[in-house]
Amino acid sequence: MRWTNALIPTLKETPADAEIISHKLLLRAGLIRKLTGGLYIFLPLGLRSLRKIEQIIREEMDRAGALELLMPALQPPEIWQQSGRYETARDVLFKVRDRSKKEWVLGPTHEEVITTLAAGEINSYRQMPKNFYQIQTKFRDEIRPRFGLMRAKEFIMKDAYSFDATDDGAMASYQKMYDAYTRIFARCGLKAFPVEADTGVIGGSHSHEFMVPAETGENEVAFCEACGYAANIEKATSGLPKTAAREIGAAVEKFATPGVVTIEALSKAPYSVPANRQIKTLVYIADSKTVLVLIRGDDQLNETKFMAKTGAVEVRPATPEECLGTLGAKPGSLGAVANVPADVEVFADERLRGANDMTTGANEDGFHLKNVSIERDLKVTQWFDLRTVRAGEPCAKCAKPLKIRRAIEVGHVFKLGTKYSEKLNAVFLDETGKSNPSVMGCYGIGVTRTLQAVIEQSNDKDGIIWPLAVAPYQVIITPLGVVAGSPIMTLAEKLYADLTAQGVEVLLDDRDDRPGVKFKDADLIGIPIRIGLGEKSLANGEVEIKRRGGEMTLAKTGEALANVLELVRAGG
RNA sequence: CGGGGCGUAGCGUAGCUUGGUAGCGCGUCUGAAUGGGGUUCAGAAGGUCGUGAGUUCAAAUCUCACCGCCCCGACCA
């Protein structure tokens, strides 16, 4: 491609609405333009990189035995009602009406559609395992789109769905995708690593997310460098000891704490109750039921764990008025010892199990209770791990300290089980002639997000540093002086033709611009290999070959082609 | 949905407090010089100042409403 024939609108200045480096570079390098919030146009250069990522995904999915198909983005709401997600996923569902006023949904994902297909086409264990995938535009009514392609209303996703006759088969399918994902991200030049994850609204029994470390990521990951344990903070556990039991057995005693409504205030004089001897009592509305959640005063509730453990779909903290109505006191004086209505379930964090000599609210504004023994003085419906781990806590597996870092989620693999196959009737006959629901898995990659993650991870002050495999062009030729027929331009044209003939993707910067402009733009758009042609080096019969972000070398004009070919092949 | 910030030429912005001819840089076009890291000079085009009401002799500027964009939050009593 000749630059003068292309559209590569680079920007010297950063557009005002970009915050993170990858978003700025997407705009500055002329890869995308914003149509409106959360919706972007892929310009030719951006599309080329996007297609390369898609191609890598296709090759690895095919290699793993998955079958590509293409499903409609527009879907009937009936199948969403059947799966139950018309309700549970309603916040992200875009809905439209046709001319007869019938409602449709724009697919945020395709479990319902693929399961409907399987229900009709997969009727025997002999047809399994099967894994179907597509690369397609998804629509999600995000609460807040942000950071360019990172979280958009419309984005491109690779989604795959496996169907197996047995649980073991499903695990094997899962493992194949796990391995394929590892290869895909490595080939994209991304340092991505798998972490244990919550399954969320998709459902299913277990899952891994593939994470790209980045300060700007929206996720937090807890990990152990010693043993390799890694989990999303929403799921992570640690090996902390339970709260120490003490000798005393005194009866519960009420004491006045006027104006004290925080853990911190109670931990100070004159009360001086350390946060780790306090029970924090949280009132939640979980699927319209009022419940209590108890965690230690120095811990934080992990709402995702709470939802996962209790199976609740919609969860919110109760309002102060609701707390007053349920327990007779306002937040700050709440407890589970007295006045808990019989129909209110009490969930407690494991770390409190067996604790005594604790202090908690008295359910009477301005009063707390001390000498509280969990087992003796209050009724816990169920114990769960509900707390959020913190950096420095011992790893549950090897006791070395955990670290926490932020990361971008680029892929997610789920073992789904039979949740969708049961609801949408995707059943098959096994060897004995018995009808069973298929065991499913689903596997997503955010393709557009992956593109941005590559940039977020691979850049310097001058611009993008594309990994060769996903660069929009592999080579840029930068002639300093573009007079047709000049020695420089003649050589530039020849290298351009020869490299193109060898299948190399080359951008020829034939603009009549000053060297500085061309170098800056070449760095900004991040083409991995630059061939510089100028009078100085050409006078010695040499051309310059420079890796983006690396050293410059000189090559004899006659050897330039071979040298560049070698670089391209080695880096691919 | 709550909070904060912002909307002035393709991009980045000044002007708004204290109402009175809309300014600068980049980019674009023309010409000239220059020619190895966003060069320089001369000239030019390009604006419903987000939209609508209101106040006023007069509104980019003040008031109200709406729209849009960006950031934080929508767990931790």
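If you're wondering where the values come from, they're calculated on a predicted model, not measured in any experiment. Just so it is clear: chains get the letters A, B, ... in the order the sequence lines come, proteins before strands, and each one is counted from 1.
What separates CH2 of Trp3(A) from C1' of G38(B) is a distance of 12 Å, to the nearest Å. The interatomic distance linking Lys546(A) (NZ) with G36(B) (P) rounds to 18 Å, in whole Å. The distance between atom CG of Leu11(A) and atom P of G27(B), rounded to the nearest whole Å, is 12 Å. Following rounding to the nearest Å, Asp198(A) (CG) and C75(B) (C1') show an atom-to-atom distance of 14 Å. As rounded to whole Å, 14 Å separates atom P of U39(B) from atom CZ of Phe519(A). The CZ atom of Arg511(A) sits 12 Å away from the P atom of G27(B) (whole-angstrom rounding). Here the C1' atom of nucleotide G36(B) and the CZ atom of Arg530(A) are 10 Å apart, to the nearest Å. Atom-to-atom, CZ of Phe147(A) to P of C69(B) comes out at 16 Å; the value is rounded to the nearest Å.
With hydrogens and angles ignored, a donor-acceptor pair under 3.5 angstrom links the side chain of Asp523(A) to the base of G37(B). Residue-to-nucleotide contacts include a donor-acceptor pair under 3.5 Å from the side chain of Glu544(A) to the base of G36(B). Donor-acceptor pairing under 3.5 Å, judged by distance alone, is present between the side chain of Glu13(A) and the base of G25(B). At a cut-off of 3.5 angstrom, counting only N and O atoms as typed in the model, there is no donor on one side facing an acceptor on the other between the side-chain of Glu303(A) and the base of C75(B).
Nucleotides G7(B) and C16(B) are separated by 13 Å at their P atoms, to the nearest Å. For the C1' atoms, the distance linking G54(B) with U21(B) amounts to 25 Å, nearest Å. Going from the P atom of A9(B) to that of U48(B) covers 8 Å, rounded to whole Å. Between A22(B) and G46(B), the two C1' atoms lie 14 Å apart (nearest whole Å). Separating the C1' atom of G15(B) from that of C76(B) is a span of 46 Å, rounded to the nearest Å. C6(B) and C75(B) have their C1' atoms separated by 29 Å, given to the nearest Å. When the P atom is used for both G3(B) and U61(B), the distance is 24 Å, rounded to whole Å. For the C1' atoms, the distance from G23(B) to C49(B) is 12 Å, rounded to whole Å.
Distance from the side chain of Ile143(A) is smallest to G73(B) among G36(B), G73(B), C70(B). Comparing atom distances between the Glu19(A) side chain and each of G27(B), C70(B), A77(B) picks out C70(B) as nearest. The side chain of Ala16(A) has U13(B) as its nearest neighbour among C11(B), U13(B), G37(B). Taking the side chain of Lys520(A) as heavy atoms from C-beta on, and the options G73(B), A77(B), G37(B), the nearest nucleotide is G37(B). Set against C72(B), C75(B), G38(B), the side chain of Arg146(A) has C72(B) as its closest nucleotide.
The cationic atom of Lys254(A) (NZ for Lys, CZ for Arg) lies less than 6.0 Å from the six-membered ring centre of Phe367(A) and within 45° of the ring axis. Because its NZ or CZ atom is both nearer than 6.0 Å to the ring centre of Tyr86(A) and within 45° of the ring axis, Lys95(A) counts as a cation-pi partner of that residue.
Under 4.0 Å is where a charged nitrogen must lie from a carboxylate oxygen, and between Glu218(A) and Arg146(A) at least one such pair does. Under a 4.0 Å N-O distance rule, the pair Arg48(A)/Glu505(A) qualifies as a salt bridge. A salt bridge links Arg548(A) to Asp460(A): at least one charged side-chain nitrogen sits closer than 4.0 Å to a carboxylate oxygen.
Put simply, Arg514(A) has no side-chain N or O that comes within less than 4.0 Å of OP1 or OP2 on U40(B). The phosphate of C69(B) has OP1 or OP2 within less than 4.0 Å of a side-chain N or O from Thr36(A). Checking the phosphate oxygens (OP1, OP2) of C76(B), no side-chain nitrogen or oxygen of Lys280(A) falls inside 4.0 Å. Between Arg144(A) and C72(B) there is a side-chain N or O to OP1 or OP2 distance below 4.0 Å.
Between Thr478(A) and Lys518(A), the shortest heavy-atom contact is CG2-CB, 3.7 Å.
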Review point. Step by step, would you call Gln300(A) with Thr388(A) a side-chain hydrogen bond (donor to acceptor under 3.5 Å, both in side chains)?
Key: CA-CA 6 Å; Gln300(A) 295 186 316; Thr388(A) 305; 5.0 Å; no
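Nearer to the 5' terminus of RNA chain B, by closest-nucleotide assignment, is the contact made by Asp462(A) (compared with the other of Asp462(A) and Ser333(A)). When each of Thr319(A) and Gly148(A) is assigned the nucleotide of RNA chain B bearing its nearest heavy atom, the one mapping closer to the 5' terminus is Gly148(A).
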